[in-house]
Structure formats: structure tokens, C-alpha cells
Protein chains: 2
Amino acid sequence: MISQLNSAAPEALTAFVRLANAHAAMQRAFNQELQAAGGITVTDFEVLRRLAEAEGGGMRRIDLAHAVGITASGMTRLLDGLECSGLVMKADCTEDHRVTYAVITDTGRRVLGSAARTHLTSLRALFAERFTEDELAQLVGLLGRLPGAEEASACSSILQQSVAGVTPATS
Amino acid sequence: MISQLNSAAPEALTAFVRLANAHAAMQRAFNQELQAAGGITVTDFEVLRRLAEAEGGGMRRIDLAHAVGITASGMTRLLDGLECSGLVMKADCTEDHRVTYAVITDTGRRVLGSAARTHLTSLRALFAERFTEDELAQLVGLLGRLPGAEEASACSSILQQSVAGVTPATS
DNA sequence: GTAGTGTTGTTGCGTCCTCAAGTATACCGA
DNA sequence: TCGGTATACTTGAGGACGCAACAACACTAC
């Protein structure tokens, strides 16, 4: 009776389970590594990385949330932590008073840089051990079709228009 | 300076980020769906599914934890909840008094069955919309090489030896 | 038997994140 | 100009999960 479970969605279930388990395992491993390297989490790293890559080192908090796959409220708390540690700061938007920018600080760039050295090395090693370049490209392509996998590309163009109106905050 | 980030691990980072974002999006969507369908989470579903597939409907808690990618302590609390709801029960192992089995109940099978109808349908649809069968098989193959993605296969053979010594618990 | 070591499971405590609700601002049609 | 609606962000409450520490049991070697 339950064997009907598998006939209903055989490969799709396997794909989802493997994706979830791989995610959990990698997340745990990288979190420990990053915690040791710079006292940050994987999500912190992603946030800092995206800010560092953005023009002016700043992004709207909501775009940042979409980009890293957490909710707006999660982003508020995450940035509270990073701001407390001096890795990011706030910047008001003169054009739309609803929005606040998150801007990476010099300290933030330093921490990101040092975390990146170890993190990216082991990330690269993990994939290089298991995939050829072609296979990795295939994997990236396939993953890109899943819901929520993209998000990132649309934000930077929006940012380019409005980042001019950013005022570095004093607080 | 930060552009070195990408040259250090270009595709690997993209793969990891896409995997994480896809996981977050799917997890959220399926959790809401399952919550509505049977008041359970994605992890609950996986636990029930694995128990239902196991011989005798039971597995060692530790194997279950490995299989679904959470820690032993996470599994203790998860099973506390499922036991409270009457979906699983405990069973002692007469051969090794350290281990406790988790066994799915009839109620558990009913809840699993009804949750599976909606969940597997949308899971199947999600993948069918985006991938051909070949592509899905490719994806499953590639994901299977990632750390933590497997785990499942080794446990059932162990189970077959010791499940004979299971005593349904009264509590 | 008995000490040393490994494994299973539980518990205390903390973290990260979500949902729901609330506030402040922007935009739009009458 | 004035509601009505949408968006950005914050806050309160709670859930899911990890780590570290611990107790109970098993296995090994002496």
C-alpha cells in the first residue's frame, strides 16, 4: 500500500531528499568552518559577499533577503547581528523613505576576505573531488531551474538606479 | 579585490548557493502544504515514509536520524512530537538495551497516506515542469555524489537482522 | 571481573529563522 | 485631497534544530 508512494513520484522524491540531505550536511560543515574562521555563519557570508559585490557595497534589505533566500524579518535580525559586530551599517534612501540599505563596512570586507580564503578553498575542493568541470556546469544548470534558485540577477540592475541616492547613516 | 572571490571558486559557489536557495524555497512551500494536509512538516513526512517502508515499520532512532539528515538530539525531539500525536511509538530492542526503535502506528500510516497524496503530486509536478526524465535522472545522479546525500541504503540491511528482536512497547 | 573505550539516546541551552501583526511610507484613482 | 492598496521594515511569539554534556549500556583486553 505504501509502495504506491514510490510509483507516484519516484525520481522526484529521490532528488528532493538528496538535495535536502546534501544541503544539511554541507551547511553544518561550512557553518563550523566559518564559525572558526571568522565567527560568522554561511548566511552571514552570503550576505557579506553579495554586499561586497554590489556597487557601493550596499543593497536594499529586501533585495538582500530575496537574494539569500530568507524572509524580510530574518534579514532584519541577521543584519542586527552583523551591525552589532560592525560588519555592516545602515544607509537611508533619500528617494523612498521606506527602504534602508545595508552597506558593508571596511571591517566587514576584512572579515569576509579572511573567511573567504578558507571557505572558498574547501568549497572548491568539495566539488572538484566529486565532479568534472562539465558535470559541475551541468549541475549548476539543472539547479538553476529549481524554484528560488535564481533571484540574484534581477536585483543588481535595480540597485544601479537607486544607489546614487544613498546617504551613509550616522547611527 | 573581492572579485578574487569568484575566480577562486566560480561554479562551486554558484552550485552551493543555488542548492541552498532552492532548498529553502521548496522546504517552505512543502512545509505549508503538508501543514495544511496533515499537520506535519517535511522532516516528519520523511521520517514516517522511511518507517513505513522499513520491515516491521520500525527503525533504530539513530539510523533514522542519519537517513533524514538531522542529529540524534533533533530526532529525539521530533519523535517526541510524533509520539505525542500518536503517529509513532517506541519499541525496545531485546538484543541491545541502548537502542530504541521508532515504529509507525496505524494512525501514522493513515496520516502519511493522506499527506502523501497531495505532497507527492506537487513534488512530481514541480520536477516534471522543469525537467525531462533524463535530466531528472542526471540531477539525481549528480546530487547523489554530494556529502550526506546517500546514507539511506546502508541502514535497511542492518535493520533486517535485528528487527526480529523488537518488542512493542506499552508506554 | 574490571577498566577503558565506543555507541545510543536524552536534556539544557542557545541560535536561526518563520509567521502574524503592526507601523511607516509610497502610489493611485476618484 | 482623500481613501484604498501595496511595499519596506520591525517586533513578538514560537518552532526546529545544533552542540555539549551526561547517563546507560555494549564491547574489548587484561
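A, B, ... follow the sequence lines: proteins, then strands. Residue 1 opens every chain. On a predicted model such as this, the values are computed, not experimentally measured, just so you know.
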For DNA chain D, whose closest nucleotide is more 5', that of A/Gln32 or that of A/Asp80?
A/Asp80
What ring pair (Phe, Tyr, Trp, His ring centres under 6.0 Å) pairs are there with at least one residue in residues 70-91 of chain B, not counting sequence neighbours?
none
With sequence neighbours excluded, tell me which residues meet side chain to side chain contact (heavy atoms under 4.5 Å, CB included) with A/Ala115.
A/Leu34, A/Ile40, A/Phe45
May I ask you to say what B/Arg77 touches in the nucleic acid, namely base, sugar-phosphate or nothing, with a heavy-atom cut-off under 4.0 Å?
base
The residue, A/His97 or B/Thr100, whose nearest nucleotide of DNA chain C is more 5′ is B/Thr100
Heavy-atom nearest nucleotide on DNA chain D for A/Asp96 versus A/Ser73: which residue maps closer to 5'?
A/Asp96
Please report the end-to-end axis angle for the helix from C/dG1-D/dC30 to C/dA30-D/dT1, five pairs per end, rounded to 10 degrees.
20°
Name all residues meeting the side chain to side chain contact (heavy atoms under 4.5 Å, CB included) criterion together with B/Ser114; count only those two or more places apart in sequence or in a different chain, and write none if there are none.
B/Arg117
Reading DNA chain D 5' to 3', which nucleotide is the first, and which the last, to come under 4.0 Å of any heavy atom in chain B?
D/dA16 to D/dA26
Lys/Arg N to Asp/Glu carboxylate O, A/Glu53 vs A/Arg50, below 4.0 Å:
no
Listed by chain and number, what are the side chain to side chain donor-acceptor pair (under 3.5 Å) partners of B/Gln27, not counting sequence neighbours?
B/His23
Students should find that the nucleotides of DNA chain C closing off the region near chain B, any atom under 4.0 angstrom from a heavy atom, are C/dG6 to C/dC19
Just to verify, what does B/Arg145 make a salt bridge (charged side-chain N to carboxylate O under 4.0 Å, His left out) with, not counting sequence neighbours?
A/Glu135
Taking side chain to side chain donor-acceptor pair (under 3.5 Å) as the test, write out the residues that go with A/Ser85, two or more places apart.
none
Partners meeting side chain to side chain contact (heavy atoms under 4.5 Å, CB included) with A/Thr76 (sequence neighbours left out)
A/Asp80
Non-neighbouring partners of A/Thr41 that pass side chain to side chain donor-acceptor pair (under 3.5 Å), sequence neighbours left out
A/Asp44
Got a sec, which residues hit side chain to side chain contact (heavy atoms under 4.5 Å, CB included) with A/Thr71, two or more places apart in sequence or on another chain?
A/Ser73, B/Arg28
